Structures are given as structure tokens and as C-alpha cells.
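Below, each value reflects all heavy atoms present in this structure, side chains not excepted, and no hydrogens, waters or symmetry copies. No experiment lies behind these values; they were computed from the predicted model shown.
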Amino acid sequence: MGASEAAAVQVLTRAVQLDSEKKYGEALACYEQGIRLLLQAAKDVRDDSKRTHFRKKTEEYLARAEKVKEAAASEKANACTHKQIQIADGATGYSYEVVIGPLITPTLTEVVVEDAYIRSTHQVYNFLHLCELLVRKAEKLSSISLITSSDPSDPGTQRERLDELRRSLAGHNVSLDITFSDTIHDREIRFNNGWTVKIGRGLDYFKRADSRFAIGWADFDLRKCHQTTVDLYYRPPPKPNQPTQP
């Protein structure tokens with residue numbers, strides 16, 4: 001076995017192994033290197049039958065390399081992007097407009113909010129502020145789904161307030177679907193444009209304003225915050241007729 005052939009066998013064996021492990025980027029690099037070595041090996045031999053064998057194997061590896069190249073491109077396109085925002089205790093300038101606003105794109109039509117604590121007056125107001133932001137910035141918004149827990153102390157008032165918000169959103173051609181769950185734990189906001197927002201404290205990361213007539217009562221950019229972490233994840237949404245990732 002010649003030096004080029006031996007090197008080709010070694011590299012292509014590694015390519016097949018990486019391919020089987022779905023490490024497509026590394027596998028592609030090995031396929032390309034192995035194919036170059038195999039072509040060199042075909043030039044070095046004088047035996048026509050062996051040269052024909054090398055060319056046939058080259059064609060097979062080229063076909064597989066093309067498939068791996070497509071898989072690598074798809075893997076890169078579907079890779080999840082992660083950004084993190086650390087909000088310090090007492091910090092200002094972290095309104096929903098600042099934190100969530102940049103994620104609202106023209107393609108956004110559906111939003112799911114999971115937050116166990118949309119119960120008390122100020123918590124419902126937090127959700128209302130988010131809805132106002134969505135209505136203002138998402139021109140094609142058609143639905144908001146809220147998954148929260150029922151207020152054990154006054155469920156009637158909680159439902160009355162959320163129903164009032166539902167009717168108000170309907171006037172803006174946005175439906176509000178409300179689900180009450182006693183087992184909900186996650187706190188996240190999912191946009192159908194690919195973004196997911198996870199906030200350690202949920203929507204309730206603002207401190208109480210000094211009074212109803214103090215700076216920061218209405219403008220959340222001026223409202224002090226509790227310490228929390230915001231994680232922003234982006235994964236390209238599936239194209240039409242494309243199955244979602246398991």
C-alpha cells in the first residue's frame with residue numbers, strides 16, 4: 001500500500017466515524033482531505049484495475065461529502081443563539097421595551113407567556129405592559145397565550161381582570177387565551193419568530209415605586225429592578241412543511 005493510499009484510508013476512516021457521530025463539520029473536513037489523498041493515490045498507481053477502484057471510491061465519498069456538507073449547513077442554520085443580560089439589584093433602564101422589544105420582528109404573530117405569578121394587581125399590570133408593547137410593535141400579532149396559576153386568595157378578581165384585558169385585546173384583533181395550571185414552574189416567553197425569553201423572576205422583576213406619584217411609577221425604564229438574569233435564546237423557526245426538532 002502506497003503512502004497516499006495509506007493516508008487516505010486513515011483519514012476517510014476517521015471521516016466515516018465522525019459522520020456516524022453526526023459531527024458533520026469535522027467529518028466534512030476529513031472527507032475533503034481524504035478525497036484529495038485518494039485522487040493522489042490513483043495517480044501514483046500503475047494498475048488500471050486499482051486506479052478504477054480508487055476513482056469509484058472517490059465518487060462514492062464525493063457523493064457522501066456533498067450530503068454531509070448539506071447537513072453541516074443545516075446544523076449551522078439551526079444552531080441556537082444564546083444571549084444573557086445580568087440585571088443588578090437597584091438597576092434602572094431595563095423596561096420590557098429594552099429587554100424584549102428588540103426581539104419583536106415583523107414576522108411575529110403568536111406569543112406564549114408562561115408565568116405562575118400573574119395574580120396580584122401589580123403582576124397583572126406587568127402582563128398588561130407586555131401586551132401593550134406587543135400590540136404596538138408586532139403589526140401582525142394575532143394571538144397571545146397566557147399560562148399561569150390561579151390566585152388562591154382571590155381567583156375571582158384575577159379572572160375578572162384578565163377577562164377585561166382579553167376583551168381589550170380583541171378590540172385590537174388579538175386573541176388572548178388563558179390557561180390556569182397548578183403545576184406550572186417555568187417562566188418563559190416564546191415567540192413564533194424563533195426567540196425564547198427566560199427571566200429568573202418572570203415578568204415581576206421590578207421593585208415597587210416609592211409612590212403612585214413618584215418617578216418610575218409609569219415609565220419602567222426609570223423603575224428600579226430586583227437582581228435577576230435574563231436569557232435570550234434564538235433558534236430559526238421551522239420553514240413551512242419542515243418538521244420541528246424533537
Asks: Using side-chain heavy atoms (C-beta onward) and a distance below 4.5 Å, is Ser143 in contact with Val111?
Replies: no
Asks: Answer yes if Val230 and Leu130 sit in the same cluster of Ile, Leu, Val, Met, Phe, Trp and Tyr residues linked by side chain heavy atoms under 4.5 Å apart, and no otherwise.
Replies: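 Yes, it is one cluster - the side chains of Val230 and Leu130 are joined through contacts under 4.5 Å.
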Asks: Can a donor-acceptor pair be found, under 3.5 Å and without considering hydrogens, that links the side chain of Asp177 to the backbone of Ile144?
Replies: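 Not confirmed, Asp177 side chain does not pair with Ile144 backbone.
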Asks: Quick one: do Val16 and Val11 end up in the same hydrophobic cluster if we chain Ile, Leu, Val, Met, Phe, Trp and Tyr together by side-chain heavy atoms under 4.5 Å apart?
Replies: no
Asks: Minimum heavy-atom separation for Tyr96 and Leu133, please, with both atom names.
Replies: O-CD2, 3.5 Å
Asks: Can you confirm whether Glu139 is buried at CD, in the sense that more than 12 heavy atoms of other residues, nucleotides or ligands lie under 6.0 Å from that atom?
Replies: no
Asks: If you take all heavy atoms of Leu232 and Leu103, which pair is closest and at what distance?
Replies: CD2-CD1, 4.0 Å
Asks: To the nearest 0.5 Å, how far apart are CG in Leu38 and NE2 in His53?
Replies: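 So the CG of Leu38 and the NE2 of His53 are separated by 7.5 Å.
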Asks: CD of Gln17: more than 12 outside heavy atoms within 6.0 angstrom?
Replies: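 Check passes, neighbour count above 12.
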Asks: Do Asn192 and Thr109 meet the criterion of a side-chain donor-acceptor pair at a distance under 3.5 Å?
Replies: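 Distance-only check passes for Asn192 and Thr109.
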Asks: Can you hop from Leu18 to Leu12 via hydrophobic side chains spaced under 4.5 Å?
Replies: no
Asks: Go through the steps for Thr92 and Leu222 under the test side chain to side chain contact (heavy atoms under 4.5 Å, CB included), then give the verdict.
Replies: CA-CA 6 Å; Thr92 59; Leu222 298 173; 5.9 Å; no
Asks: Measure from the side-chain N and O atoms of Ser168 to the backbone N and O of Glu164, and report whether any donor-acceptor pair falls under 3.5 Å.
Replies: no
Asks: Answer yes if the ring centres of His226 and Tyr205 are under 6.0 angstrom apart, and no otherwise.
Replies: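 Centroid separation for His226 and Tyr205: 6.0 Å or greater.
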Asks: Quick one about Thr157 and Glu160 (side-chain donor to acceptor, distance below 3.5 Å, no hydrogens or angles considered), yes or no?
Replies: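 Side chains of Glu160 and Thr157: no pair found under 3.5 Å.
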Asks: Please report the C-alpha distance between Cys131 and Leu165 in whole Å, then the side-chain angles of each, then the deciding distance to 0.1 Å, and finally whether the side chain to side chain contact (heavy atoms under 4.5 Å, CB included) criterion is met.
Replies: CA-CA 9 Å; Cys131 291; Leu165 176 54; 4.1 Å; yes
Asks: May I ask you to say whether Glu60 pairs ionically with Lys57, meaning some side-chain N is under 4.0 Å from a carboxylate O?
Replies: yes
Asks: Is there a side-chain contact between Ile100 and Ile189, using heavy atoms and a 4.5 Å cut-off?
Replies: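 They are in contact (side-chain heavy atoms under 4.5 Å apart), so the answer is yes.
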Asks: Treat each ILVMFWY residue as a node, draw an edge where side-chain heavy atoms are under 4.5 Å apart, and state whether Ile215 and Tyr94 are in one component.
Replies: no
Asks: Heavy-atom distance under 4.5 Å between the side chains of Leu37 and Leu39, does that happen here?
Replies: no
Asks: Less than 4.0 Å between a side-chain N and a carboxylate O, is that true for Lys224 and Asp89?
Replies: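 Salt bridge between Asp89 and Lys224, a charged N being under 4.0 Å from a carboxylate O: no.
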Asks: Taking the side chain from Arg51 and the backbone from Ala42, do they hold a donor-acceptor pair closer than 3.5 Å?
Replies: yes
Asks: Restricting to non-hydrogen atoms, name the atom on Thr13 and the atom on Val9 that form the minimum distance, rounded to 0.1 Å.
Replies: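 Nearest pair, atom of Thr13 first, then Val9: OG1-O, 2.6 Å.
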Asks: Within 45° of the six-membered ring axis of Phe206 and under 6.0 Å from that ring's centre, is NZ or CZ of Arg201 located there?
Replies: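 Here Arg201 fails the 6.0 Å and 45° test against Phe206.
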Asks: Could you verify whether a donor N or O on one side chain and an acceptor N or O on the other, from Thr107 and Asn193, lie under 3.5 Å apart?
Replies: no
Asks: With a 6.0 Å cut-off (strictly less than), is the heavy-atom count around OH of Tyr117, excluding the residue itself, greater than 12?
Replies: no
Asks: Does this structure show an ion pair linking Arg190 with Glu188, if we count only N-O contacts that are shorter than 4.0 Å?
Replies: yes
Asks: Can Arg136 and Glu97 be said to form a side chain to side chain contact (heavy atoms under 4.5 Å, CB included), step by step?
Replies: CA-CA 11 Å; Arg136 178 162 53 83; Glu97 173 90 36; 2.6 Å; yes
Asks: Determine whether more than 12 heavy atoms belonging to other residues, nucleotides or ligands lie under 6.0 Å from atom NZ of Lys207.
Replies: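 Check passes, neighbour count above 12.
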Asks: With no hydrogens and no angle check, is any side-chain donor or acceptor of Arg223 less than 3.5 Å from a backbone partner on Trp217?
Replies: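 Yes; at least one donor-acceptor contact below 3.5 Å.
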Asks: Please give me the minimum heavy-atom distance between Ser149 and Gln158, naming the atom from each residue.
Replies: O-NE2, 3.0 Å
Asks: Using atom types as modelled and distance alone, determine if a side-chain donor or acceptor of Glu26 lies under 3.5 Å from a backbone N or O of Lys23.
Replies: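 No; zero donor-acceptor contacts below 3.5 Å.
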Asks: Should Val98 and Ile199 be counted in the same cluster of Ile, Leu, Val, Met, Phe, Trp and Tyr side chains packed under 4.5 Å apart?
Replies: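 No, no single cluster joins them.
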Asks: Is Asp47 atom CG crowded by more than 12 heavy atoms from other residues, nucleotides or ligands, each under 6.0 Å away?
Replies: yes
Asks: Is His122 close to Asp204 at the side-chain level, that is, under 4.5 Å between some pair of heavy atoms?
Replies: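 Yes. Closest side-chain heavy atoms under 4.5 Å.
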Asks: How far apart are the closest heavy atoms of Ile87 and Ala91, and which atoms are they?
Replies: CG2-CB, 4.3 Å
Asks: Run Leu128 and Asn126 through side chain to side chain contact (heavy atoms under 4.5 Å, CB included) and show every step you take.
Replies: CA-CA 5 Å; Leu128 169 59; Asn126 287 341; over 6 Å; no
Asks: Indicate yes or no for a side-chain donor-acceptor contact from Tyr234 to the backbone of Lys83 under 3.5 Å, with no hydrogens or angles considered.
Replies: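 Between the backbone of Lys83 and the side chain of Tyr234 there is no qualifying donor-acceptor contact (under 3.5 Å).
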Asks: Quick one, Ile184 and Glu114 - any side-chain contact, counting heavy atoms below 4.5 Å?
Replies: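 Yes; the side chains approach each other to less than 4.5 Å.
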Asks: More than 12 heavy atoms of other residues, nucleotides or ligands under 6.0 Å from CZ of Arg55: is that the case?
Replies: no
Asks: Please check: side-chain N/O of Arg166 versus main-chain N/O of Leu176, any donor-acceptor pairing under 3.5 Å?
Replies: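 Yes: the side chain of Arg166 pairs with the backbone of Leu176.
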Asks: Tyr31 and Asp19: which non-hydrogen atoms are nearest, and at how many Å?
Replies: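 Result for this residue pair: OH-OD2, 3.0 Å.
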